[in-house]
Structure formats: structure tokens, C-alpha cells
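Let me begin by presenting the structure, written as C-alpha cells, before commenting on it.
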Amino acid sequence: MFRQSKTVLQKCRNLRFQWQNPSWRFRSTSATERALQYQAGQKISGFTVKEVVTVPDLFLTAVKLTHDNTGAQYLHAARDDKNNLFSVQLRTTPMDNTGVPHILEHTVLCGSEKYPCRDPFFKMLNRSLSTFMNAFTASDFTMYPFSTQNGKDFQNLLSVYLDAVFFPCLRELDFWQEGWRLENENPTDPTSPLVFKGVVFNEMKGAFSDNERVYAQHLQNKLYPDHTYGVVSGGEPLAIPDLSWEQLKHFHATHYHPSNARFFTYGDLPLEQHLKQIQEEALSKFERTEPDTAVPNQPHWDRPREDHVTCSPDAMAPDAAKQNTLCMSYLLGDITDTFEGFTLSLLSSLMISGPNSPFYKTLIEPKIGTNFSSVVGYDGSTKEASFSIGLQGMAEEDTEKVKQIIVQTIDEIIANGFEEERIEALLHKIEIQMKHQSTSFGLSLASYIASCWNHDGDPVQLLKISDSVAQFRQALKDNPRFLQEKVLHYFKDNTHRLTLSMSPDEAYLEKQVKAEEEKLQKKVQALSESDKKDIYEKGLELLSVQSKIQDASCLPALKVSDIEPTIAVTPVEMGTAGGVPVQYCEQPTNGMVYFRAMCSLNTLPEDLKLYVPLFCSVITKMGCGGLDYRQQAQQMELKTGGMSISTSVNPDYSNMDMYEQGVLLSSSCLERNLPDMFHLWSDIFNSPHFDDEERLRVLVMMSAQELANGISYSGHMYAMTRAARSLTPTGELQETFGGMEQVKFMKRIAEMPDLTQVLRTLPRIKRHILNPLNMRCAVNSTPQKMSDAAGQLDNFMSNVASNKKDRKPVRSDITERLLDPLAAPGSGPSRKLITEPNFKPCQMKTFFPMPFPINFVSECIRTVPFTHEDYASLNILSRVMTAKYLHREIREKGGAYGGGARVGGGLFTFYSYRDPNSVQTLSTFRKSVDWVRSGQFTQQDIDEAKLSVFSAVDSPVAPSNKGEQRMCPKWHPIPYIVLLLSGALQALVKGSALYRE
């Protein structure tokens, strides 16, 4: 998978710090304590311990080691977290646009010496209980991470990953499949035209159909033109066909060596076992080399530069006449200076984040553009960091105006600095991030340290966040103009500045198609008849290999018997606050309190439903009580970890024509700020501001732009949502709230010259939604704080009691269901569901023409609800079809980036992602049913599908989310019946709705 550059700010947002109180998980000694027993200089399985450091901020002990023979670097983060992670990353520095590191990342996972079967990576998805498996190609490194909670599974996956990375087969057929190939359009017809095919080739065509992605790539290439950052590491589609198989193998030989590798492990499993296995299965077979992969600093320019690129027009843009982008990007310092990087990341947030930031005031609020440029803020993913600021969705004639505003804003920051309260709010956000717990902390940690460590920075120093905060505070105390001087140095006086503009070109796609056709014809014209015959025969050979049943017996696998036979039940207590049902869940939340509330939409008039997502988006950003929107944003940053409202549509577990509709309120805070958080919610309930049309317009434009930008990345989700629209009432409402219907609606709102009517609509929605009579709440906190949290919730409910009003539901068919389906009737709180007994599912075919060279395809079939006896079978069936048929036909043969089937919401859904085909893929969906009917699968296939299901069922849940399933019941992939025989599965499918038109 090609990963776009992420800014350090974005990485920090994703870095959530998971802590577990040892008393919640018994062990003789904790993982952190065991790691403290290692000593610098100690020898372990061919490694030497270099440093042992406690990192109390993150509740871990870091152990740094070096491999004696190869020099491979190793970092182990010992922590009391059972979701253990392994990662190996290699510095990969391409010097052309062929995408060699990206294609290599795909190809090494297609078979290795120890595991020579085709695609062991995808096969292991169904043979393990992994909580994460993937691989990433960044601009200058390639990473192979996995995580699992099962010790045996960890060893199995580690064996597969080590062999794939260091001893891959790199077969030519795999290169053709994953990278690129010339092949007859119909591989079995030698007279059909020759075309380009390949998974990465199509993936990158899809990536470059995203205008934001196009802009970001050009910006990096032009800001760092002199070395590896001047090329497209993922591959420029028209350059990919210039890569040869021999070049691919050479790149592996020069870059995939332990001397060029950095190993990272995380969790509570013993370090010694990891080191022993890595040494025996991989590193013992290598000697030290001196890899020539270091990235030199970009030579600094003596004067700023300007450039221009073009892109495809966006039919969904909020304003068709405003589709230009302009950005100024500055080259900063080396990211291995951790404190300087920390300072510049904070400085970036102060400059651009939220309505109180200088650039928000000068660029966003004047409505010159729809949003900041796609690349904005601090980016520490390259050896030398950068800062970018600009606008998208602007008119071409505003180009000079935007340049002047950026320069003037920098001058104003140098003159005036930042308010102390804004700095404190940002430091408060860091404190929240350190205390909040996630289920994938190991993966976040690996991603967070990757870039700095890749260039020989100290990854442990990067983790000492409290040290950086203390140093930052001291620097401000010693020099009140500390931040202004940074702005002067890095922005005002910096001559290495690129101003890049981008404008739409009506002929852009036509030019792309023409360029590909010219590239293709040049390749074809150079072929002799003998060459064409070879291509045809090789195409048949590849097709034969792809169609052959693979023997995967060489791969390690868990068994169903390795799975924990029981699912842990989260204890909760039910109560009330002001007559509103409340669920209290005591968890080790590390000093955080989490609040959620579900508010029903049953009384909301039908004509207002399209506006609900907009209402949710703006209600916490317009101001409330005595606070204008700037003051509200400031208080939310100072006192909470965020406050949000989102739509929620949940089908009933036993009736597909019954569902709950509502909005979900979510917020969190430090324990000391609990009263402040509820005070902010009280003001939002009692006196939200709906009188500022200019503020609303800014929010509407930003929202419409974000929705339009997301289609090229999440097209498969939009396709699945649209396909489900006519099959269930839930599907229809989900299309209204989050499908293409919502995208088009927001475009219409953004185009309206007068938003007065919208402003009048929002209070009407508020009266129906923020009504305590239609609410239920949930609180997660530590046992010590729960009593206080309950008291504060009582106060909140008293404060908003004036919003109570008994309103009549719009629909007459209302059914009450207990929140706990296993509880005795009348023994607990209930929820009110809409029933549509007269709903008639119908067939509907939809095509959305989009300016993309690839497709997103989906087909949905109405099946059975969650509690139906066939649901478990269909769940298993979707996994079998994905792993054993659809992956092979859609990805391997068809060249799509991905595809498969899934079950949920009463629907069996097929999908494909970044797919060069459309009608052919729809045919594949139908043929997959015939494949199942013919019984071309085994009991082993079914057992592997069970593992895949249970991997999802047993995925870790963060303390903040414990009990959420009770409070807000959703369809869950827990199969009631999984002991299936292949014959029974065939019988089930033969009689199901899958065969009905």
C-alpha cells in the first residue's frame, strides 16, 4: 500500500497513549519491570543491549539494541498491553518514478523461500487472529507491521514476515501481476488489443485521480527536487511500465538487507523470544554491509521559486468557478533534532488550527477559498521538515491576493506573537493525547517514530514528550519572543520557499488517456510478432497460475481450538439522571472521563433529515451561551478532548425493516475539567448561536469541499451505501446521511447565495434532537471518579431540563426494545425503533460518472437479520468468497487494488476498489455465487474463515469504548452458529436470496 506523507501534527493526533493498570491483568511481574532488568552491554541472541530507558509518559520501558553481525537496529517497547506488534522498516530511496519500492513491497509478499505458495500475506489474513496486517511504502522507507494478541500467532506471523522481507521468491509472474505487464485485453484471445495491466499500475492511476493527492505529490517533488523526494516513490503511472524485473531484484538486493533495517517490537511478550526467532530465521544468514541509502540534505535555494500544475475539474466542487489551489511551502530543519521538530509542530498548530489561529482568520474567514490547501501545516515525514500554507477552492484572479495575505500574516505573527491561553490550550491537548488510550498504540508508536529513526534520529528521545514540553515552557520563560523568532527565521527570512499553484484543465483526463495510449503504442510498436506471441503465452501462463488451487499447507495457522471459548462481558451499572437512562462503566481510563448520549430523531419531520449531518457538523462550532465561536473553540480546547455530534442509524438485530435513528453526542475531558465539559454541553443545549450567516457559510464551504475531496479515496463506501439504498429502510437513511445524496445536497447548499433559510432550519432541528426526553447517556471513568461524574451529569440534566418537550413521533409504527436483549421484559431501559412493515425492497441500478480512470463497483443483496439462523453462515460465506474467489478474480486477474464481500445490516455486499473494470466485475460478483454452488472449497477454507470472523470479534476495545455496544446496539459480527460443514454451507446458499433476481 502506498502511503502518502503525513505531517507530524497528524501523526500526533493519531498517537493515542494506551495505559493499563497492572491490577486489571494479573501477572507476576509487569512487562515494563521485566525490561528494566536488561543492562547496557548485555548480549542476547546475537544482539547487544545499548540502552534501557523508562518512558513514564507512555507507561513503557524502551530497550535499544544493535545486531552484532549486521548492525541492524532494534527497539523494543515493553508495555503491559497484550496487543503486541512487530515492524521492520527499511530505508528505500528510489531515484526514478517507476515505483520500484512500492512494487517491491507488493511482490515480496507474494511468496518466499520458506513459504513459496502464492500470496502468503493474504492467505495469512484467514489463518491468524491478527489485529492488523499490512505494509506501507513511504517517500523514503518501506514498513512491514503486524499486531496480534495471541503469542503463538505472533510467532507464526513473524516467521512469515521475516521470510517475505529477506528471502522473497520475486518471481517474474508475481512482478507482472503486482507491478505491470503488457497483456491481451482478453488473455485467451491473441487478437484482442494489448493493454497495460497490473495492481500497482491501477492503484496509482486511482491515487492520481485525487486532485489533493496530485497536488501533494507535485509539492514535495518540487520543494525537494535534487534527490529521492524529487520522484514518486509509489510510482507515476506512465513511468511504471519502464521498470524491469531485473531492476526490481536489484533494488531488493541493495535495500532489503538487515544492515539497512530497523526492527521494532511492542507489547507484553518477552523480548528474548523475539530476538531468538529473528536471529535464527533471518539475521544469522547475513553479514554486515554498508548500504548506500542515506538521504542528503536538500541544497538550499538562494531565492524563492514558483511553479504551476494542472488537474482534473471536479464536478462535485462547491463552486465550479473556484477550483484553483495555491500554497506556499517552506523548507525547515532536520527532523532528527527532536526538540526543534516538537517546537515547529506546536508552532504550526498555533498558526493554522482552529478559528483562533492567525491563518484561519486571514485566509478562511474572508471566504476567498473553501478550505486550507490539501497540504497544510508541519510535515515531518521527510529528512528535512516543511511547513505549507495556502487555499483550495479559490478563483484564479485571487492568486496574488492570497500570496500577499500569507506574507502579511507572517509579519503580524512576528509582531504580535500568540496569546498565552492558546499556547496553554495546545499543551492541554498534548496532555489529553498522552492520557487517552487506543487499541492500536503499538502501530501508532511505530508510525510516529518511523521517519526520525529512518534518518538515524533517536526514537526514544522522540517519546519523551514531557521533557519536550518542559523544555518548551522554559524556552518561552527565558525568551518571551521565542516563537516569533522561529517564525522570523523559518518563514520571513527563508529563501527556500516554493509557491505552487494548481488549476483545473478541461482536457486533463483526455491528455492523460492520450499520454497512456502513446506510451502503450510505443511499447507495442517495438514488439516483433515473436514478442507478441511470447506476451500471449506468458499471459496464459499467468492466468493458469492465478486459476490454480494453491497449496497453502506450508503456512503456519492457528486453529479454532486456539481461540478463547468465551467473550469477556463488560460490567455496567444502569441508573438515571433527571429521568434520563444512564449507563455507568468503570474502566482504567487513566484520569479521563468519557461521555456519550444518544438522541432520537423519531419526532423530526422528514423534510429536515437531509439537514441533520450539517446540523451535527456546525452545532459545536457556531458559539453558545455567552461565548462566540472563537471563545467556544478556545474553551473546548482548554477544557475537553473534543466535543462532537454525529448521525447514528442502527438496524434492529431481528427485523431488517426496523431501525433506530438518532445522533450521538461524544466528548471527553480530564477529570479535573468535568464541570467545564458539562457546562459547555449545557450552553449548546440551552443557547446555541444560529445567527451568524457568515460563520455558517465558512463551515458549509469547508464541509462541502471535504465531502467532494473524499469521493476518490472512499468511492467504494459511497458505492456500497448507494447500492443498499433500495433494499432496507436503514440503507435508505444511510444514503441520506452519508451517501452521494448528502454530497450533492451539500454542494447545493454551498452554491446558495443566501443561507437565511438554512439558519432558520437549524433551530427547528435542535428542538427535536436536543430534547432530554429522547436521550440516553453513558459515562466511562475510573471507579474513583464515577460518583463525581454521576453528580455532574445530574447537574447537567437539571440545567437542560427546560428543553424537555413531549413531541409526537412522525411515524406511527414505533416499537420499544430493551437495550439489553437478554434482560427480562420491563427490567431495564429501552429504545424506540421505527418499523416500516410496508417497505418494499426493489432493484435499482445506478451509475455515477466521475473524472477517475478507475472504478468503484458494488452490488448488494437483501438477506437476513443478525439473529437469523443463517446469518452466521452468510458471515462465514462472505469470508470464504473473499479469500478464495473474489480476491483472485478481482485483484489478481482483474488488476483492481481490492475487492471482496461482507455481511451486515441485513445485506450481503460485494465491492471492488480502484478497479479498472466495471461490467466485468459485476459479472465476477455473480460468478462467485456459482463458484460457491459448485462446492470448490474445503473444510479448511471454512475453518480459516471462522478464524477471520473471530479475529474481528476478539479485536481489542479501548476503555473509553467499553460498554458502547450496550448503550448503542449495532450489528456485530458474532456468529451464533459457526460449526458448519461444507455440504451444509452449499445447501444454505442454494436456497438463499443470493440466487433470486
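In what follows, every heavy atom counts, from backbone to side chain, and hydrogens, waters and symmetry copies are set aside.
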Measuring only between side-chain heavy atoms, which start at C-beta, is [X] closer than 4.5 Å to [Y]?
X	Y	result
Ser668	His436	no
Gln965	Val957	no
Met124	Pro556	yes
Asp788	Val593	no
Met881	Phe908	yes
Phe910	Ile861	yes
Ser648	Met598	yes
Pro956	Gln149	yes

Any side-chain donor near an acceptor of the partner, [X] and [Y], under 3.5 Å:
X	Y	answer
Ser654	Arg817	yes
Thr32	Ser30	yes
Ser87	Tyr266	no
Thr640	Ser667	no
Ser666	Ser644	no

Verify, without hydrogens or angle tests, whether [X] (side chain) and [Y] (backbone) share a donor-acceptor contact under 3.5 angstrom.
X	Y	result
Thr938	Asp941	yes
Asn780	Pro959	yes
Asp81	Gly267	no
Gln583	Gly963	yes
Asn84	Leu269	yes
Thr835	Met658	no
Gln940	Ser553	no
Asp652	Asn655	yes
Arg891	Gly900	no
Ser955	Ala952	yes

Do [Y] and [X] meet the salt-bridge criterion of a basic N to acidic O distance under 4.0 Å?
X	Y	result
Glu671	Lys785	no
Asp943	Lys946	yes
Lys82	Glu564	no

**OP:** With Phe146 as reference, evaluate Phe121, Tyr161, Phe132 under the ring pair (Phe, Tyr, Trp, His ring centres under 6.0 Å) test and give the passing residue.
**Re:** Tyr161
Enter the distance from [X]:[atom1] to [Y]:[atom2] here, rounded to the nearest 0.5 Å.
X	Y	atom1	atom2	value
Ser130	Asp153	OG	CG	6.5 Å
Phe122	Arg127	CZ	CZ	15.5 Å
Ile942	Arg879	CD1	CZ	14.5 Å
Tyr871	Ile876	OH	CD1	10.0 Å
Ser928	Lys884	OG	NZ	15.0 Å
Ile278	Phe263	CD1	CZ	5.5 Å

Subject >> Distance flag, aromatic centroids of His274 and Phe264, threshold under 6.0 Å >> reply: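 Here the rings of His274 and Phe264 have centres that are no less than 6.0 Å from each other.
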Original post:
Taking the six-membered ring for Trp, are the ring centroids of Tyr911 and Phe925 within less than 6.0 Å of each other?
Top reply: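 Aromatic pair excluded; centres sit 6.0 Å or further apart.
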Original post:
How about Lys152: does its NZ atom have over 12 heavy atoms from other parts shown lying under 6.0 Å from it?
Top reply: yes
Subject >> Greater than 12 external heavy atoms within 6.0 Å of Glu573's CD >> reply: no
Give the minimum heavy-atom separation between [X] and [Y], together with the two atoms involved.
X	Y	answer
Ser159	Gln277	N-NE2, 3.6 Å
Leu558	Leu947	O-CD1, 3.2 Å
Gly905	Thr728	O-CG2, 4.1 Å
Tyr659	Pro729	CE2-CB, 3.5 Å
Gln437	Pro588	NE2-O, 2.6 Å
Pro120	Leu555	CB-CD2, 3.6 Å

Original post:
Can you list the steps and then say if Cys860 with Thr909 is a side-chain contact (heavy atoms from CB on, under 4.5 Å)?
Top reply: CA-CA 4 Å; Cys860 291; Thr909 303; 3.4 Å; yes
**OP:** May I ask you to decide if the ring planes of Phe796 and Phe595 are parallel, tilted or perpendicular, using 30° and 60° as cut-offs?
**Re:** perpendicular
Original post:
With under 30° as parallel and over 60° as perpendicular, where do the rings of Trp931 and Phe937 fit, or are they tilted in between?
Top reply: tilted
Subject >> Pair Leu129-Ile563, side-chain contact (heavy atoms from CB on, under 4.5 Å): steps then yes or no >> reply: CA-CA 9 Å; Leu129 292 173; Ile563 301 170; 4.1 Å; yes
Subject >> Verdict with reasoning, Thr131 to Ser147, per side chain to side chain donor-acceptor pair (under 3.5 Å) >> reply: CA-CA 5 Å; Thr131 54; Ser147 60; 2.6 Å; yes
**OP:** Walk me through it: do Lys123 and Glu944 pass the test side-chain contact (heavy atoms from CB on, under 4.5 Å)?
**Re:** CA-CA 9 Å; Lys123 289 179 173 60; Glu944 290 177 7; 6.0 Å; no
Subject >> side-chain contact (heavy atoms from CB on, under 4.5 Å) assessment of Leu907 paired with Arg862 >> reply: CA-CA 5 Å; Leu907 302 173; Arg862 181 177 165 111; 4.3 Å; yes
